[in-house]
Amino acid sequence: QPQDGVLDTREADFSAGVYHVENSWDYYPGQILYPEAFADPTAAPEKQNDAKRDETLGTWRLRILAQPDTYLDLCSYSIDYSTRVFVNGTEVRSIGFVSEDPAQVVHDGLYMTLPIYFGESGEAEIIYQYANHMHNDGGFIQMTVIGTPERIDEYQRSLRLNAMVVGGGLMMLFFYYLLCAAFQKSRQFTALAVCCLVMALRNQMFFTEHLLPPDFPYLFL
């Protein structure tokens, strides 16, 4: 769990598995901040403790401490509904397009893996920017895990397998109940079909990574 925006992993045993990172990052609502804004700690912007789910713009920042010369991966879903990520001052991921101008924002959401190298200092800085002009509920960090690249790869393969099995099974049941409802004109089968579809779409990895094409317009979701 981060303390005052700092996650200390120096005593963690990453050979045992992956770790869930609590959402206790430094938060700067209403501002799109770049790494340069934090170069001088004495002039850093004012942060807030709690996220505002109805805030259309914002920046999250986390400093991670690890053993020097260590490679770790951070993975989670992007922040709804557009996300730009900086690792150690370098932009490494852009999902959609983040902008203070609502007309320029491109909304999108995907699963992301962020490779992090801890040099001689054993410290890394992660910055998330987000813009949300399509819904009044968003801007919060999804569940995040951290671990070695090998452990993260195992975790993601297991996650994708579960998403495919559960999501695919629910979609097959959806079509089955839909056919039953059409031939038997049964409201019960219609209700079962709707329930299966809703549960399948609630599986975000299955929905965004497997069910929809990569260029599907996010505004239709």
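As the structure is a computational prediction, the values presented were derived from the model and not from experiment.
Between Arg187 atom CZ and Leu192 atom CG the span is 14.5 Å, to the nearest 0.5 Å.
At a threshold of 4.5 Å between non-hydrogen side-chain atoms, the residues Cys75 and Tyr111 count as touching. Under the 4.5 Å side-chain criterion, counting only non-hydrogen atoms from C-beta, Pro45 is in contact with Gln31. Between Ile116 and Leu74 the shortest side-chain heavy-atom distance falls below 4.5 Å. Contact annotation: the side chain of Ile127 never approaches that of Val85 to less than 4.5 Å [non-hydrogen atoms, C-beta and beyond]. Residues Leu7 and Leu62 form a side-chain contact, since some pair of their non-hydrogen atoms from C-beta on lies under 4.5 Å apart.
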Derivation and outcome, side chain to side chain contact (heavy atoms under 4.5 Å, CB included), residues Ile79 and Phe140: CA-CA 6 Å; Ile79 299 176; Phe140 57 94; over 6 Å; no
Atom pairs and distances, side-chain donor-acceptor, residues 156-174, under 3.5 Å, sequence neighbours left out:
{"residue": "Gln156", "atom": "NE2", "partner": "Thr113", "partner atom": "OG1", "Å": "2.5"}
{"residue": "Arg157", "atom": "NE", "partner": "Asp153", "partner atom": "OD2", "Å": "3.0"}
{"residue": "Arg157", "atom": "NH2", "partner": "Asp153", "partner atom": "OD2", "Å": "3.4"}
{"residue": "Asn162", "atom": "ND2", "partner": "Ser158", "partner atom": "O", "Å": "3.3"}

Identify each donor-acceptor pair in which a side-chain atom of residues 90-98 lies under 3.5 Å from a protein atom, sequence neighbours left out, and give them as a table.
{"residue": "Ser94", "atom": "OG", "partner": "Gly96", "partner atom": "O", "Å": "3.4"}

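A centroid separation of less than 6.0 Å is found between the aromatic rings of Tyr19 and Phe14. Aromatic ring centres of Phe38 and Tyr28 lie closer together than 6.0 Å.
Nearest heavy-atom pair across Ser99 and Val105 is O-CG2, 3.3 Å.
By the neighbour-count criterion of 12 heavy atoms within 6.0 Å, atom CG of Asp4 is sparsely surrounded, having that number or fewer from other residues, nucleotides or ligands.
In this pair, Tyr117 and Tyr71 present their aromatic rings tilted. The plane angle is within the 30 to 60° band. Taking the six-membered ring for Trp and thresholds of 30 and 60 degrees, Tyr34 and Phe86 have ring planes more than 60 degrees apart, a perpendicular arrangement.
Remark: Glu123 pairs with Arg63 by the salt bridge (charged side-chain N to carboxylate O under 4.0 Å, His left out) rule, at least two apart or across chains.
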